[in-house]
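Reviewing the structure listed below.
In what follows, chains carry the letters A, B, and so on, assigned in the order in which the sequence lines appear, proteins first and then strands, with residues in each chain numbered from 1.
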Amino acid sequence: MGMNNFKELQKEQMDKVQFKSSRIKSGITSSISAFTFMGNMLDHFIPKVLGLFVNMAGGDDSKTSIRRPKYPNTPS
Amino acid sequence: MFTTITILLINLLNPVISGSISSSKSDDEIVDMYIASQSPQLFDILYDRYSKKVFIKCNSLLRDQAKAEDAMQEIFIKVLLNLSKFNKKAKFSTWLYSITYNYCIDNIRKGKKMKSVSVDDVGELQEIPDTIDDKRLLETNIVRLKEVLDVIPTEDKAILLMKYQDDMSIRDIGEVLSKSESAVKMKIKRAKEKFVKQYSNIYQDAI
């Protein structure tokens, strides 16, 4: 493998580089947490909102929603 | 089964073992484990491995420390949100750098609001022989290399970095730039010509 000063330049820059690493990392983590929270909220509430619309329109949401037994291990 | 146990152990002993995983696992393995567990410590490992390189690229293309830090945050968020789409056709690093270059080039284009004429639009591309030897470019003195890279147009700089610093294939570069392979070859050739011309202008000397 011959000389590659493009890679050497990168190594040199990596030794000298300074940036707000921890601030950026916490920014990323908090953004991802916010996205996850939003996703969970949507997952939780969208089926209920859709069911509400179906009810308001005079439909029967029992066909669209999944009926779960009140207690575990009991027939529905 | 083994993966599940590993993930459970990682979640329990995150702070203790993240250091050892950092050196022993490949990027692809860490990506798989992150997708399965969403453990922030696994993200930390990828971040620690690549943050400096991504920052250097952003800073070198955007030429502004604050913009580069913002860009880096956006890039890593983009990476995390799209991690499940990473198909492992290329290395994780190549995929990450593609997103980095793409983001920076888009950012620069938006800033300039300039309509550039694509080499694809010029007409049928002809295969023009590349007369500049790669070896000459690769052996350029580091100080001079940095100086010349700083004065050539950003897109040409990005192309040269993708090819010679990150060893990206013509196909991968084409995906970043949304260009055909022949257009990419043409762009590389032109970037090299501009590099040599700027070198001669600055140093009154052939490369």
Side chain proximity check, B/Ile77 to B/Leu81, heavy atoms < 4.5 angstrom: yes
Compare all side-chain heavy atoms of B/Asp48 with those of A/Lys25 and state whether any distance is below 4.5 angstrom. yes
Top of [options] for chain A proximity - count of heavy-atom pairs under 4.5 angstrom:
{"options": "B/Asp166, B/Leu160, B/Ile142, B/Asp70", "answer": "B/Ile142"}
{"options": "B/Lys52, B/Glu69, B/Glu139", "answer": "B/Glu69"}
{"options": "B/Tyr47, B/Tyr164, B/Phe43", "answer": "B/Tyr47"}

Select one option (side chain, backbone, both, neither) describing which atoms of A/Gln18 are under 4.5 Å from chain B's heavy atoms. backbone
Measuring heavy-atom distances to chain B, does A/Ile28 have an atom under 4.5 Å in its side chain, in its backbone, in both, or in neither? both
In this structure, are over 12 heavy atoms from other groups packed under 6.0 Å from B/Lys88 atom NZ?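 More than 12 within 6.0 Å, yes.
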Atom CZ of B/Arg171: over 12 foreign heavy atoms under 6.0 Å: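 For B/Arg171, atom CZ is not crowded (no more than 12 foreign heavy atoms under 6.0 Å).
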What part of [X] is in contact with chain A, defined as an atom under 4.5 angstrom from a non-hydrogen atom: side chain, backbone, both or neither?
{"X": "B/Ile56", "result": "side chain"}
{"X": "B/Lys135", "result": "neither"}
{"X": "B/Leu149", "result": "side chain"}

When heavy-atom pairs shorter than 4.5 Å are enumerated against chain B, which of A/Gln13, A/Gln10, A/Met14 gives the highest number?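 Winner by heavy-atom pair count: A/Gln10.
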Hey, can you tell me if B/Phe86 and B/Phe92 have their rings parallel, tilted or perpendicular (30° and 60° cut-offs)? perpendicular
